[in-house]
Amino acid sequence: MIPQRLSALRAWMQQQGIDAFIFPSTDPHNGEYVPDHWKGREWISGFDGSAGTAVVTIQHAALWTDSRYFIAAAKQLEGTGFTLMRERMPETPSIAEWLAKTLGMGRIGLDGMVNSASSVESLRDELQQLGMFLLVTDTDPLETLWNDRPVVPDHSIVLQPLEYAGETTTSKLARIRQAMREKHAQALFVTALDDIAWTLNLRGSDVHCNPVFVSYLLITEDRVVLFADNHKITPEVAVYLQREKVTVEPYDSVAQYLSTLNVQPIMMDPDMVNYTLFNIMTGKQLVAKSPIPTMKSVKNAAEIEGFRRAMTRDGVAMVKFLCQLQQRVDKGMETEMSVDERLTALRAESPLFRGNSFDTIAAYGPHGAIVHYEATQETDVTLQPKSFLLLDSGGQYLDGTTDITRTISLGELTDREREVYTLVLKGHIQLQLLKFPAAACGSQLDAVARRDLWKAGLNFMHGTGHGVGAYLNVHEGPHQIRMEWKPAPMLPGMTVTDEPGIYIENEFGVRIENTLLVVPYMKTDMGEFLQFETLTLCPIDLTPIVKTMMTDEEILWLNDYHQTVFERLSPYLIDEETVWLRQACRPL
């Protein structure tokens with residue numbers, strides 16, 4: 001199927017006089033989870049990971065992706081005609097370098113509606129330095145070639161109750177407008193779907209696992225315009241938007257509306273706004289980051305309490321699942337896919353459950369080494385009473401979003417498995433023990449989680465932590481904890497994950513993850529200091545731990561954490577589950 005699609009694309013390219021075409025993994029809103037309508041990279045390549053870029057020339061095709069997907073992409077690209085390009089590896093050329101070597105010179109095409117302005121300009125600059133020119137940004141071959149292309153999502157928009165949102169839209173707009181004035185901006189154009197949902201206290205179901213809706217938002221000093229199709233607006237939402245003085249315009253009218261807009265400058269983030277819409281405003285843009293992501297990342301009191309309730313609810317579901325796991329494994333009754341099904345069903349027992357916050361990773365044995373593994377009918381295996389199950393999952397609840405990873409011993413382990421597990425756990429605990437100056441960024445904290453792994457000659461290529469939305473996207477910025485420089489400061493009220501991991505290809509993987517809350521620690525003559533409060537409530541498997549590798553401080557943290565887990569979760573469990581939890585939370 002993929003070779004036939006490549007042939008059709010190449011015929012189209014020859015008709016258009018285009019020598020190469022680039023397919024990113026993004027949509028017009030630069031989202032992580034892309035609605036099916038915009039999954040052009042997956043359609044043309046067959047690779048279904050969340051991150052990657054496909055490039056097709058008349059003679060060649062290549063796909064760039066990061067270390068999370070090296071193993072999965074290599075398998076999915078077999079027989080497609082695509083060559084895998086492993087990003088950040090010394091031998092891997094950039095897309096521009098590969099094009100220069102492959103083509104020499106040529107006309108490069110891409111769809112400006114699904115590429116950010118900054119990414120296009122960066123690529124243009126690199127191509128020009130190599131003697132090539134990026135010329136075609138206003139065409140989409142998928143409109144012609146993708147015969148059964150899914151439609152743009154059109155599900156209804158719903159209200160997010162104030163008891164969970166914790167702040168009115170009126171208040172949020174006032175804060176946003178004050179931030180605009182400080183930048184001397186007359187307008188702010190918002191394309192990130194979670195930013196729009198947060199600002200308007202609305203939610204939707206247009207995007208897989210993310211409770212958002214396809215739209216754009218324009219905020220000026222005297223008006224707010226939501227670009228969303230009318231049939232998505234329920235009578236209740238229509239009344240609400242009218243009360244909040246929000247005007248609704250058709251989704252597809254955004255380009256025309258911007259072209260006739262008579263206010264300037266307009267605050268636009270070139271990292272988030274797509275190239276086509278950004279360039280409609282040439283001469284009117286005020287290139288600046290939107291204030292909304294930082295506002296959204298600092299949770300208010302209602303959102304924090306919502307997180308705590310959601311984590312308790314989620315922890316109960318996890319314990320109910322774990323309590324039965326070993327019995328089912330010993331009887332040969334558990335597969336990777338049944339793990340996902342059973343855990344999702346347990347979460348769904350809560351009336352506030354709204355679905356998974358991402359696709360569950362239930363990876364047994366060697367599959368645990370595939371960072372973003374997702375079991376299918378073809379890959380599903382029965383769990384055996386040995387080695388590890390790596391279980392990374394989360395739920396969307398009306399009052400909070402959860403993200404938790406546990407690596408679970410199912411029986412006999414090797415010394416290597418125990419050693420790696422303990423090293424990962426040490427890094428996980430050391431980050432949660434950390435005290436740090438206010439305004440330190442995640443890149444400055446990252447090494448703490450990696451220190452003991454580095455001593456052992458081990459490392460992981462993904463980030464150590466990301467923000468988590470309040471019944472919004474499970475991956476939220478602007479703050480992150482990772483090796484790459486991310487200057488966004490850690491602020492009180494932010495949520496962030498702690499998830500170091502090590503992956504031994506063809507053998508096993510280990511990752512342990514809690515969601516944390518940034519809270520005050522102390523003030524001294526040297527300034528304000530912060531620390532982490534652990535929100536996630538679920539036992540960490542004690543069986544694989546090599547106790548002699550642990551420090552007294554790490555053991556104390558683990559014992560205290562497990563005491564808290566038992567106290568918070570046991571009131572919601574039946575006797576059998578309480579007995580299991582007491583044993584799982586025993587002092588190390």
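Counting from 1, the numbers follow the sequence of the chain as shown. What you see is a predicted model; the values in this text were computed from it and never measured.
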_List the residues meeting side chain to side chain contact (heavy atoms under 4.5 Å, CB included) with E505, not counting sequence neighbours, and say none if there are none._
I71
*Mind checking whether F353 and Y397 have ring centres under 6.0 Å apart?*
yes
Over all heavy atoms of both residues, which pair between [X] and [Y] is shortest? Give the atoms and the distance, please.
X	Y	result
I58	Q14	CD1-CG, 3.7 Å
I504	A369	O-CB, 3.4 Å
A197	R203	O-NH1, 3.2 Å
C441	A488	CB-O, 3.3 Å
I280	A255	CD1-CB, 3.5 Å
T191	P28	CB-O, 4.5 Å

Looking at side-chain heavy atoms only, is the closest gap between [X] and [Y] below 4.5 Å?
X	Y	answer
N210	L193	no
I157	T234	no
I95	T53	yes
F227	S215	no
I404	D314	yes
F213	H155	no
V237	L202	yes
L217	V224	yes

Just jot down the ring-ring contact (aromatic ring centres under 6.0 Å, His included) partners of [X], sequence neighbours excluded, or say none.
X	answer
F70	none
H208	Y33
F460	H462
F47	Y69

Among all residues two or more places apart in sequence or in another chain, which pass the salt bridge (Lys or Arg N to Asp or Glu O under 4.0 Å) test with [X]?
X	result
R86	none
E121	R124
D66	R68
E78	none

*side-chain hydrogen bond (donor to acceptor under 3.5 Å, both in side chains) between Y275 and S118, worked out*: CA-CA 8 Å; Y275 179 82; S118 60; over 6 Å; no
*asked:* Does the plane of the ring in F189 sit parallel, tilted or perpendicular to the ring in Y216? Use 30° and 60° as the thresholds.
replied: parallel
*Walk me through it: do D36 and K39 pass the test salt bridge (charged side-chain N to carboxylate O under 4.0 Å, His left out)?*
CA-CA 5 Å; D36 290 346; K39 289 184 178 178; 3.1 Å; yes
*If you draw a 6.0 Å radius around NZ in K486, do more than 12 non-hydrogen atoms from other residues or ligands fall strictly inside?*
no
_If you count heavy atoms of other groups shown closer than 6.0 angstrom to CD of Q377, is the number above 12?_
no
*Could you walk me through whether E374 and I361 pass the side-chain contact (heavy atoms from CB on, under 4.5 Å) check?*
CA-CA 5 Å; E374 183 181 349; I361 299 169; 5.9 Å; no
Within the distance-only criterion (no hydrogens, no angle test), does the side chain of [X] pair as donor or acceptor with the backbone N or O of [Y] below 3.5 angstrom?
X	Y	answer
N30	T26	no
T379	A375	no
Q480	G463	no
S290	I292	yes
N356	D359	no

*side-chain hydrogen bond (donor to acceptor under 3.5 Å, both in side chains) partner of T335, chosen from D340, T382, D380*: D380
*Take Q76 and D48, measure what side-chain hydrogen bond (donor to acceptor under 3.5 Å, both in side chains) needs, and give me the verdict at the end.*
CA-CA 8 Å; Q76 290 184 357; D48 62 5; 2.8 Å; yes
*Thinking salt bridges, do K289 and D269 make one under a 4.0 Å N-O criterion?*
yes
*asked:* Tell me whether D154 is salt-bridged to K232, with the criterion being a basic N under 4.0 Å from an acidic carboxylate O.
replied: no
*Picking from N514, T464, D446, T497, what satisfies side-chain contact (heavy atoms from CB on, under 4.5 Å) with L431?*
T464
*Tell me, with the steps shown, if R511 and D392 meet salt bridge (charged side-chain N to carboxylate O under 4.0 Å, His left out).*
CA-CA 8 Å; R511 185 163 65 250; D392 187 355; 2.9 Å; yes
Sequence neighbours left out, cut at 3.5 Å: what donor-acceptor pairs do the side chains of residues 467-478 make with other protein atoms?
| residue | atom | partner | partner atom | Å |
| --- | --- | --- | --- | --- |
| H475 | ND1 | E32 | OE1 | 2.7 |
| H475 | ND1 | E32 | OE2 | 2.7 |
| E476 | OE1 | K299 | NZ | 2.8 |

*asked:* For a side-chain contact (heavy atoms from CB on, under 4.5 Å) check, start with the C-alpha distance between L343 and L391, then their side-chain angles and the critical distance, and finish with the verdict.
replied: CA-CA 10 Å; L343 182 54; L391 179 57; 4.0 Å; yes
*Could you list all the side chain to side chain donor-acceptor pair (under 3.5 Å) pairs where at least one residue sits in residues 128-143, not counting sequence neighbours?*
D140-R149
*Pairs satisfying salt bridge (charged side-chain N to carboxylate O under 4.0 Å, His left out), at least one member in residues 16-26, at least two apart*: none
_Under the criterion side-chain contact (heavy atoms from CB on, under 4.5 Å), I'd like the reasoning laid out for L6 against F82: C-alpha separation, chi angles, the key distance, then a yes or no._
CA-CA 10 Å; L6 284 173; F82 275 88; 3.8 Å; yes
*Could you walk me through whether R406 and S393 pass the side-chain hydrogen bond (donor to acceptor under 3.5 Å, both in side chains) test, one step at a time?*
CA-CA 9 Å; R406 291 294 183 263; S393 67; over 6 Å; no
*Check step by step if side-chain hydrogen bond (donor to acceptor under 3.5 Å, both in side chains) holds for E334 and S338.*
CA-CA 6 Å; E334 198 78 276; S338 72; 2.4 Å; yes
*Would you please test R88 and E484 for salt bridge (charged side-chain N to carboxylate O under 4.0 Å, His left out) and show each step?*
CA-CA 12 Å; R88 296 178 60 192; E484 298 85 356; 2.5 Å; yes
